[in-house]
Amino acid sequence: MKKVSIIIPVKNGANYLGEALEAIRNQGLDVEVIVVDDNSDDKTSAIAQKYGCTLIHHAETKGQSVGKNTGLKYATGQFVLFHDHDDVLTPDALATLCQPLEHNPDAMVVMAKAKDFLSPDAKNRKSKIKEAPYFGFLSGAMLFRRAIFDIIGPCSEKTTAGETIDLTNRLMKHHINIHRLDCITVMRRIHDTNFGITHRSREYGDYAKLLRERLKVKRKFEP
């Protein structure tokens, strides 16, 4: 099986990073884990070192998209998985995601499902949890062939959030199909400091801009 590069951009993720890395270790595959520490002031780096990760430091905070691109520069695996520090891979998630890419050399992207869970330490017990598993352009639910980024380019660094919508726009532009798997590969943690909660106002602006771009791309390629 080909090597998987798992890229984790994180700032101050000591609260959940160990659990994420433990689940990756339990996958039992040949992986390299690249933790991009985005100027943390907690024990994020120490935890990454404890698990033998490739550790890269940003001297100043640059954001998740830049962190992903930094990780891509160091990735040596043929397959790439972006992973949020607060989420947890399900057992055999990587093997399941790798199969379509291993068996079909023309396949470039695999998407599985995520399932939400409320973190035990969440103070807001009324946080919205999706009861059913769902498809989404989410870290931990998508595996990429490394070569795809030579075609579509790196993650967008022009937005604070919404880089996944930008990614779908470029996949559409290049007519790249996504192989879908009806299974759960990542448990998505809902907690008080989710990026989507703490950066909601900026996300709305980025999403509106990127959705307009998607409509432009869709119109261009519709018959």
Side-chain angles (χ1 to χ4, degrees), residues 1-11 13 16-38 40 44-45 47-58 62-112 114 136-157 163-164 166-168 170-171 174 176 178-179 181 185-188:
M1 183 172 287
K2 293 181 173 61
K3 181 187 287 186
V4 179
S5 295
I6 301 177
I7 299 171
I8 307 178
V10 54
K11 178 173 182 176
Y16 306 126
L17 181 60
E19 188 175 348
L21 293 175
E22 192 67 34
I24 291 171
R25 174 185 283 179
N26 291 338
Q27 299 294 310
L29 297 182
D30 179 20
V31 301
E32 65 173 359
V33 183
I34 302 171
V35 173
V36 182
D37 187 340
D38 201 28
S40 297
T44 290
S45 289
I47 294 170
Q49 290 174 323
K50 173 185 175 182
Y51 280 86
C53 303
T54 298
L55 179 62
I56 304 165
H57 289 277
H58 282 168
K62 298 183 178 181
Q64 291 188 335
S65 294
V66 177
K68 290 176 181 178
N69 288 339
T70 298
L72 280 173
K73 293 175 184 176
Y74 287 85
T76 63
Q78 294 90 344
F79 303 153
V80 171
L81 181 92
F82 297 118
H83 195 313
D84 291 337
H85 83 281
D86 47 359
D87 294 340
V88 181
L89 292 181
T90 60
D92 300 320
L94 289 182
T96 301
L97 287 168
C98 283
Q99 282 187 344
L101 298 186
E102 290 277 4
H103 296 154
N104 182 0
D106 294 325
M108 299 295 284
V109 185
V110 177
M111 174 192 284
F137 285 77
L138 299 167
S139 297
M142 294 188 75
L143 184 68
F144 301 90
R145 198 176 293 278
R146 175 65 178 82
I148 197 172
F149 297 101
D150 297 327
I151 300 171
I152 68 172
C155 299
S156 173
E157 298 181 1
E163 73 271 10
T164 54
D166 174 76
L167 177 63
T168 61
R170 286 185 283 137
L171 291 174
H174 290 277
I176 295 173
I178 299 172
H179 185 98
L181 299 174
T185 57
V186 65
M187 300 300 295
R188 182 171 177 266

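Everything numeric in this text was worked out from a predicted model, so none of it was measured.
- To the nearest 0.5 Å, the span separating CG on L94 from CD on Q27 amounts to 4.0 Å.
- The shortest distance between side-chain heavy atoms of I8 and I24 falls below 4.5 Å.
- Residues Q78 and K3 meet the side-chain proximity criterion, which asks for heavy atoms closer than 4.5 Å.
- When all heavy atoms of A20 and H83 are compared, the closest pair comes out as CB-CE1, 4.0 Å.
- Minimum heavy-atom separation, G77 to S5: N-OG, 2.8 Å.
- A 4.5 Å side-chain heavy-atom check between L143 and C98 finds at least one atom pair inside the cut-off.
- Taking CG of D106 as the start and CZ of R145 as the end, the distance is 8.0 Å to the nearest 0.5 Å.
- A distance of 10.0 Å separates CD in E19 from CG in D86, rounded to the nearest 0.5 Å.
- Counting only heavy atoms from C-beta outward, the side chains of V88 and E22 never approach each other to under 4.5 Å.
- Residues S40 and D37 share a closest heavy-atom pair of OG-OD1, 2.6 Å.
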*Could you go step by step and tell me if E32 and I34 meet the side chain to side chain contact (heavy atoms under 4.5 Å, CB included) rule?*
CA-CA 6 Å; E32 65 173 359; I34 302 171; 3.9 Å; yes
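- Taken to the nearest 0.5 Å, the OG1 atom of T70 stands 12.5 Å off from the NE2 atom of H57.
- S65 contributes no side-chain N or O that, together with a main-chain N or O of C155, makes up a donor-acceptor pair within less than 3.5 Å.
- The minimum heavy-atom distance between T90 and M187, with the atom names listed, is CG2-CG, 4.0 Å.
- Screening D30, V31, L101 against V4 for a side-chain contact (heavy atoms from CB on, under 4.5 Å) leaves a single residue, V31.
- Between L171 and I148 there is a side-chain heavy-atom pair separated by less than 4.5 Å.
- Of all heavy-atom pairs spanning G140 and L97, the tightest one is O-CD1, 4.1 Å.
- Annotation: side chain of I152 is in contact with side chain of L167 (closest heavy-atom distance under 4.5 Å).
- Rounded to the nearest 0.5 Å, atoms OG1 (T44) and NE2 (H85) are 7.0 Å apart.
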*Take V36 and H58 through the test side chain to side chain contact (heavy atoms under 4.5 Å, CB included) and record every step on the way to the result.*
CA-CA 7 Å; V36 182; H58 282 168; 3.7 Å; yes
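- Atom OG of S139 and atom CD1 of I6 lie 11.5 Å apart (nearest 0.5 Å).
- The aromatic rings of F82 and F149 stand perpendicular to each other, their planes meeting at an angle above 60°, with 30° marking the opposite boundary.
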_Test side chain to side chain contact (heavy atoms under 4.5 Å, CB included) applied to K50 and L21, step by step_ = CA-CA 10 Å; K50 173 185 175 182; L21 293 175; over 6 Å; no
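- Within the 4.5 Å cutoff, side-chain heavy atoms of F79 are placed close to those of E102.
- Closest approach of P100 to L181, counting heavy atoms only: CG-CD2, 4.1 Å.
- A donor-acceptor pair under 3.5 Å links the side-chain atoms of R170 to the main chain of P154, judged by distance alone.
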*Let me see the working for L81 and L89 under side chain to side chain contact (heavy atoms under 4.5 Å, CB included), right down to the final yes or no.*
CA-CA 11 Å; L81 181 92; L89 292 181; 4.3 Å; yes
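- The shortest side-chain heavy-atom distance between D87 and L138 does not fall under the 4.5 Å cut-off.
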